[in-house]
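As C-alpha cells, the structure follows; a few thoughts come after it.
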Amino acid sequence: MLIQCTSRPVRNFSACHCLSSPKRRSSYSLAVSERYSSLVKSVMSSRVSSQTPDTLQAEDEHIYGPVVKAQPPSSKPEKREPKTLHPFLISEKTLETEETESGPPVRILLKRGQGGSSAPSVTRILQQTLSPEQRFYLERWKRRMIEELGEDGFKEYSQNLFRQGKLFHSTLDDIMESGAAQEKKAPAESPEYPAEVQGYLESISHILEDVSAVRAIESTVHHDSLDYLGIVDCVARYRGVLCLIDWKTSEKPKPFLSNTYDNPIQVAAYAGALNNDGNYKYQVDHGLIVVAYKDGSPAHAHQLSSEQMLQYWRTWLLRLEKFTEQRSSHTSMDFSEKK
DNA sequence: GGATCCTTCTTCTTCTTC
C-alpha cells in the first residue's frame, strides 16, 4: 500500500516521518487505513502539553511582542540588489575539468590562525544574518522543545542530531575516497559502516549511483577577494554535471527546495568561494543539496541550475554585506565604549 | 597543551470537508 505523506510516498506507516516517532512505533499502524490517516495523524501528532495555541500565542506575545500578521513572508520577495555585484564565475578559469579529473579528489585542510587570517565562515555569516522571522521561528521551536524535553533532554537531543550528521559525513567521505561510490556497490550493505548511519546510506544509495568524478572532499575554500571561507562537502559530477554537493541529514522530509531554508545560499557561497580561490584550477556553476533520511527512505536531491546559483549568489552577497555592516557597527561601538 | 575554528542540526501552521 502506498500512502502519501507530506507529498512523499512511503511504503508503510512505519516508514512515515509524520507518524512514527523515533522512540516507539504505534500498534495502530497495522489497523489503520488510508481513510483514517488524517485522523490518526492529528491524534498522534498532538502534543502532550497543558498549553493551548492561545497560551502559546500569549507567551510568544509576552516575550516577543504582538505578532505582526500583516507581513506575509513570501508576498514581498526581496528585490534588493547587492551594492557590489561581485562575479560568481571568473573568466580566466575553465568550467571544463576533463584534464584534471583523473587524479584523486583533493582535500584542502583548514589552516586557521596562520598569517593573521581571520576570515569569517559561511556558517557564521549565515547564522548572524538570519531574518527576524527566521530567528523567531527558531527560538519558538527551541522553547517548545525545551518545554517537552527539559533543558538536559534538549541538549542531549541536539548533540545527538549533530553526532549523527557528523558520523554520516565522515562515513560518506570514506566511501567517496575509497571509490565505493563509483563502484556502484550498495554501501549500506557493507557491515564496516556504523549501524547508526546505515539508514542514511541506504537513503542516498540511489543518488550515489549518479555521482562520478569526485574532485574534492571536505575541502576548504576561501574567496580571495571577499575574504570569507568555508568547508565544501563534495565536488563531483552528478548525472554528468559538475556540482558542488552538500549532504544533509534531516528528521523531517524535505521534498522541496524551499524546505531547505538557507542551504541553497550556503551552496552558492561555497561555489563562489571555490571559483575565486587560486587553489582550484576549475570552477563550478551547479549545485546539489541531498537530504538523507534515517529510516532509509529515498533521499531528496535538489539540483541547482547555473541560473539558480547566480540568483542565490546575489542573496549571499546581500547577507555578506549585512554581516559586514553589523560587524563594523559593532566594532565602532566597542571603540566608542572603550573611549 | 589548551583554546578556537568549521561543521554537524533546528523554522515556515492549519484545521473542518469531500
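Here is the naming used below: chain letters follow the sequence lines, and residue numbers restart at 1 for every chain.
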Looking only at the side chain of [X] (C-beta and beyond, no hydrogens), which of the listed nucleotides [options] gets closest?
| X | options | result |
| --- | --- | --- |
| K248(A) | dC9(B), dT7(B), dT10(B) | dC9(B) |
| H169(A) | dC9(B), dT7(B), dT10(B) | dC9(B) |
| D246(A) | dT7(B), dT8(B), dT10(B) | dT8(B) |
| D233(A) | dT11(B), dT10(B), dT8(B) | dT8(B) |
| L138(A) | dT8(B), dT7(B), dT11(B) | dT11(B) |
| V122(A) | dT8(B), dT7(B), dT10(B) | dT7(B) |
| Q134(A) | dT7(B), dT11(B), dC9(B) | dT11(B) |

Interatomic distance where [atom1] belongs to [X] and [atom2] belongs to [N] [whole Å]:
| X | N | atom1 | atom2 | answer |
| --- | --- | --- | --- | --- |
| E251(A) | dT11(B) | CD | C1' | 14 Å |
| I146(A) | dT10(B) | CD1 | P | 16 Å |
| R144(A) | dT13(B) | CZ | C1' | 9 Å |
| L161(A) | dT7(B) | CG | P | 19 Å |
| D262(A) | dT7(B) | CG | C1' | 16 Å |
| K294(A) | dT8(B) | NZ | P | 18 Å |
| Y157(A) | dT10(B) | OH | C1' | 7 Å |
| N263(A) | dT11(B) | CG | P | 12 Å |

For Y270(A), answer base if it contacts any base atom (sugar-phosphate contacts may also be present), sugar-phosphate if it contacts only those atoms, and nothing otherwise; contact means non-hydrogen atoms under 4.0 Å.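 Sugar-phosphate, backbone atoms only, no base.
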
May I ask you to say what S258(A) touches in the nucleic acid, namely base, sugar-phosphate or nothing, with a heavy-atom cut-off under 4.0 Å?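 Base contact.
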
Between [X] and [N], does any side-chain N or O lie under 4.0 Å from OP1 or OP2?
| X | N | result |
| --- | --- | --- |
| K254(A) | dT10(B) | yes |
| K166(A) | dC9(B) | no |
| T249(A) | dC9(B) | yes |
| T123(A) | dT7(B) | yes |

Parallel under 30°, tilted from 30 to 60°, perpendicular over 60°: which one fits the rings of W141(A) and Y157(A)?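 Judged by the thresholds at 30° and 60°, the geometry between W141(A) and Y157(A) is tilted.
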
In terms of the angle between their ring planes, are W247(A) and F168(A) parallel, tilted or perpendicular, with boundaries placed at 30° and 60°?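 If you compare the ring of W247(A) with that of F168(A), the planes turn out perpendicular.
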
Rounded to the nearest 0.5 Å, how far apart are CD1 of I289(A) and NE2 of H300(A)?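 So the CD1 of I289(A) and the NE2 of H300(A) are separated by 13.0 Å.
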
CD1 of I231(A) to CZ of R107(A): how many Å apart, nearest 0.5 Å?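 Output value for this atom pair is 10.5 Å.
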
Between W141(A) and Q266(A), which has a closest nucleotide on DNA chain B that is more 5'?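 Between the two, 5'-proximity favours Q266(A).
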
Which sits closer to the 5' end of DNA chain B, W247(A) or S121(A), going by the nucleotide each is nearest to?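 Its nearest nucleotide lies further toward 5', so the answer is S121(A).
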
Hydrogens and angles aside, do H222(A) and D227(A) bring a side-chain donor and acceptor to less than 3.5 Å of each other?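 Their side chains do contain a donor-acceptor pair, which is all the 3.5 Å distance test asks for.
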
Among all residues two or more places apart in sequence or in another chain, which pass the salt bridge (charged side-chain N to carboxylate O under 4.0 Å, His left out) test with E325(A)?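 In terms of salt bridge (charged side-chain N to carboxylate O under 4.0 Å, His left out), with neighbours along the sequence ignored, E325(A) is linked to K83(A).
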
